[in-house]
Participant: 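Structure in structure tokens, see below.
The chains referred to below are lettered A, B, ... by the order of the sequence lines, with proteins before strands, and numbering in each begins at 1. The basis for the numbers below is simple: all heavy atoms, side chains too, and nothing from hydrogens, waters or symmetry mates. No experiment lies behind these values; they were computed from the predicted model shown.
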Amino acid sequence: MARAPQDFDTLRHSASHLMAQALLELYPGTKLAIGPCIEDAFYYDVEPTQPITGDDLVTIEQKMLEIASRELPIERVELPRDDALAMVAQIEQPYKTEIINDLPDEAVISFYRQGDFIDLCRGPHIANTSAIKYVKLLSIAGAYWRGDARNKMLTRIYGTAWFTQQELDDHLNKLEEAKRRDHRKLGRELGIFMLSPEVGGGLPLWLPNGAVLRETLESFLKKEQLRRGYNPVVTPHIGKLELWKTSGHWGHYGNSMFNPIAVDDEQYMLKPMNCPFHIQIYKSETRSYRDLPYRLAEFGTVYRYEQSGELNGLTRVRGFTQDDSHIFVAPEQLFEEFKSVVELILHVFNTLGLQDYTARVSLRDPASDKYVGSDEIWDTSQAAIIRAVDEMGMQYTVAEGEAAFYGPKLDFMVRDCIGRQWQLGTVQVDYNLPERFDLEYIGSDGAPHRPVMIHRAPFGSMERLIGILLEHYAGAFPLWLAPVQAVILPIADRHVGYAREIQAKMLEVDLRVKVDDRNEKTGYKVREAETKKIPYMIVVGDRDVEAGSASVRKRSVGDQGAMPVDEMIAMFKNEITAPKY
RNA sequence: GCCCUCGUAGCUCAGGGGUAGAGCGCGUCUUUGGUAAAGACGAGGUCAUGGGUCCGAAUCCCAUCGAGGGCUCCA
């Protein structure tokens, strides 16, 4: 039976209430904060009377099922504000008092009751607790009351609920699959990267296969950028603190930068971004309107002092390489240039096999004062972004309050092949830095004008991208990306010479190929190449030496039979230039 | 930074107040084998670090460091 997404939301919201009820029965005195449904799951934030541990989850889950089996009807009760406050005071739920006090005057205040449990809630809910049968509590975490780090840390219990056992099993299998694809696990197994406490948190070391992968991705994008009129530049890893003061980042993000380094009488910063350097290059000559758009691109490694608890594999690190570019345009060029940047980003995603993406337009929150720049500038640039995505017919969502302090942005979220969303590429419009660094170009009228900057990074960062690609492909990269594209397996020692000949031919045409000449049986080598996710295994023995052929085995498919070596090489080259997903 | 959990061999993990275990990997030897694991032998650990309790601590307690799951943050 097909169900609407809101049916699942309702079920999970009710499951969250059921969990709260179970908690109160098991641990009377527990204070309830909020308990919403989220994608595929639900949680409840509570202040427990004693610490809740992972072992307690089973107990709570069993209690939930026991209460559900009482087949309690779930009823909605609406109360005037004063009665509502009296009610939550009587059941001693101070967080609910706070929530009611924050509700607007005209709000309808409703409660939902099941048995002797009652909770403040807008609803809707399912009709009876008995519908909650397939539920699993997943984890425990800390969460601040109202998401504010200055508030008390509550205990958040996550769970998931479904209508059938099959759905629940499928979901739990998906979580297992995600664990199996974890890029931190695959990164080590496949020799992509490592993290070492000796080096420091969030500072990955790239292993040989990872370095090859990075180079492959870099040269792909560099080539695309050259075609589109980008100018490559290289800038240093440190620069004077003054630059970040001028840019405004020191004031906004100073606490998440590495401490300044004293050099002679100056303060230097490990660069947290490349913008000020590219700006200096722009300023090094008088620019004309004929030079614009002026596009500077760099794979720039930046360092940010991310909070220790936030570091995670390759997806959140303290040193990372952005595929950064700053484009200086005349205001009237902004719209067209923005569109061509979006076009490049989409081309990149398609080539990488990440076809399932959505865009998010991040606008400023008009009520906040954290933004710089005039209202007119914001209105113009926000309108330009929306017009561009509209004209390109893209699906997008609008997120108010998600803009950077200096301008609105367009972010791309990709969905990997098991449905998880990740943020990758970004395009940002910036009227602020040109102002702060007093940038100009000479217009056709002979007078100076102020350019607009576009910051953009299709990959976002090499680290994040590779983390996501590892999980998306579960380590089994398409041929053009695979760090080792093929391994040649000589059957016996006397075939090693022939294997080396084939390898030389393949290296000649830029195929990344190795020879496995270890003293092991072919079956063993095949098994190892499969686990290392190498796309092709080339077995050579007496028959092949005789015929000038090679026996090709395709990863996870199997033996493709023997073919002449030249034909095999042509097949590989063809697959690389015409990738299929 | 905050809450919870966890640190045993290179990796994955078992064990547990009385002299450290397995599989994989690694080394040596035998084996030259046609598509997912040949066989034998061997080396490897102050059980994260520091303190405490105890006749005795890898094991119990505390602290520190590190990792994981979240929260806050994310230019």
Participant: Over all strands shown, is Gly309(A) touching base, sugar-phosphate only, or nothing at heavy-atom distances under 4.0 angstrom?
Facilitator: base
Participant: Has the side chain of Gln307(A) got a donor or acceptor that lies under 3.5 Å from a partner of the other kind on the base of U72(B)?
Facilitator: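 Checked by distance alone, the answer is yes.
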Participant: Arg415(A): which residues meet the side-chain hydrogen bond (donor to acceptor under 3.5 Å, both in side chains) condition with it, sequence neighbours left out?
Facilitator: none
Participant: Measure distances between side-chain N and O atoms of Arg316(A) and base N and O atoms of C74(B), and say whether any donor-acceptor pair falls under 3.5 Å.
Facilitator: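 Pair found.
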Participant: Looking at U35(B), I'd like to know if its phosphate oxygens (OP1 or OP2) sit under 4.0 Å from a side-chain N or O belonging to Ser551(A).
Facilitator: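 So the side-chain polar atoms of Ser551(A) never come under 4.0 Å of the phosphate oxygens OP1 or OP2 of U35(B).
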Participant: Is the shortest side-chain N/O distance from Arg146(A) to OP1 or OP2 of C71(B) below 4.0 Å?
Facilitator: no
Participant: Remember a base hit wins even if backbone is also touched, and classify Met537(A) as base, sugar-phosphate or nothing at under 4.0 Å, heavy atoms.
Facilitator: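 Answer is nothing: Met537(A) stays at 4.0 Å or more from every strand.
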Participant: With centres under 5.5 Å and planes under 30°, do Tyr253(A) and A75(B) count as stacked?
Facilitator: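 Stacked: centres under 5.5 Å apart, planes under 30°.
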Participant: Do Arg146(A) and Glu98(A) have side chains that approach each other closer than 4.5 Å (heavy atoms only, starting at C-beta)?
Facilitator: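 A side-chain contact under 4.5 Å exists here.
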Participant: Heavy atoms from C-beta onward define the side chain here; which of G33(B), A38(B), U72(B) lies closest to that of Glu310(A)?
Facilitator: U72(B)
Participant: I'd like to know if the side chain of Asn209(A) and the backbone of Leu190(A) have a donor-acceptor N/O pair within less than 3.5 Å.
Facilitator: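 Here the side-chain-to-backbone pair exists.
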Participant: To the side chain of Thr531(A), which of A75(B), G69(B), A36(B) is closest?
Facilitator: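 The listed nucleotide nearest to Thr531(A)'s side chain is A36(B).
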Participant: Output a table of donor-acceptor pairs, distance under 3.5 Å, between side-chain atoms of residues 554-564 of chain A and any protein atom two or more places apart or on a different chain; print 'none' if there are none.
Facilitator:
from      : atom 1 : to        : atom 2 : distance (Å)
Lys554(A) : NZ     : Tyr536(A) : OH     : 3.4
Arg555(A) : NH1    : Phe477(A) : O      : 3.2
Arg555(A) : NH1    : Lys533(A) : O      : 2.7
Arg555(A) : NH2    : Phe477(A) : O      : 2.9
Asp559(A) : OD1    : Gly561(A) : N      : 2.9
Gln560(A) : NE2    : Gly558(A) : O      : 3.0

Participant: Look at the side chain of Arg184(A) against the base of A67(B) and say whether a donor-acceptor pair falls under 3.5 Å; ignore hydrogens and angles.
Facilitator: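 Checked by distance alone, the answer is no.
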Participant: Between the base of U72(B) and the side chain of Asp148(A), is there any donor-acceptor pair under 3.5 Å?
Facilitator: no
Participant: Please confirm whether the backbone N or O of Met462(A) pairs with a side-chain atom of Thr321(A), one donor and one acceptor, at under 3.5 Å?
Facilitator: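 No, Thr321(A) side chain to Met462(A) backbone: no donor-acceptor pair under 3.5 Å.
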Participant: Can you see whether Thr59(A) engages Asp56(A) through a side-chain donor-acceptor pair at a distance of less than 3.5 angstrom?
Facilitator: no
Participant: What is the nucleic acid contact for Ala141(A), judged by heavy atoms within less than 4.0 Å: base, sugar-phosphate only, or nothing?
Facilitator: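 Base contact - Ala141(A) has a heavy atom under 4.0 Å of at least one base atom.
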Participant: Looking at C71(B), A36(B), G33(B), which one has an atom nearest to any side-chain atom of Tyr144(A)?
Facilitator: C71(B)
Participant: Do Lys525(A) side-chain atoms and Asp516(A) backbone N/O form a donor-acceptor pair below 3.5 Å?
Facilitator: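 Yes: the side chain of Lys525(A) pairs with the backbone of Asp516(A).
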Participant: Hey, does Lys532(A) reach any base, or is it just sugar-phosphate, or nothing, if we go heavy atoms under 4.0 Å?
Facilitator: nothing
Participant: So what does His252(A) hit on the nucleic acid, given a heavy-atom distance under 4.0 Å: a base, only sugar-phosphate, or nothing?
Facilitator: nothing
Participant: Could you tell me whether Arg543(A) and Glu546(A) have a side-chain N and a carboxylate O separated by less than 4.0 Å?
Facilitator: no
Participant: With a 4.0 Å cutoff (strictly under), does any side-chain N or O of Tyr158(A) reach OP1 or OP2 of C71(B)?
Facilitator: yes
Participant: Using Watson-Crick and G-U wobble pairs with both distances under 3.5 Å, what is the 5'-to-3' dot-bracket string of RNA chain B, with [ ] for crossing pairs and | for pairs outside the strand?
Facilitator: (((((((..((((....[..)))).(((((.......))))).....(((((..]....))))))))))))....
Participant: Tell whether Arg464(A) reaches the base of C74(B) with its side chain through a donor-acceptor pair below 3.5 angstrom.
Facilitator: no
Participant: Counting distance alone, no hydrogens or angles: does the base of G34(B) have a donor or acceptor under 3.5 Å from a partner atom on the side chain of Asp544(A)?
Facilitator: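 Checked by distance alone, the answer is yes.
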Participant: Is Arg156(A) close enough to G69(B) that one of its side-chain N or O atoms is under 4.0 Å from OP1 or OP2 there?
Facilitator: no
Participant: For the side chain of Thr522(A) and the base of G33(B), is some donor closer than 3.5 Å to an acceptor across the two?
Facilitator: no
Participant: Does any N or O donor sit under 3.5 Å from an N or O acceptor when you compare the side chain of Asp542(A) with the base of G34(B)?
Facilitator: no
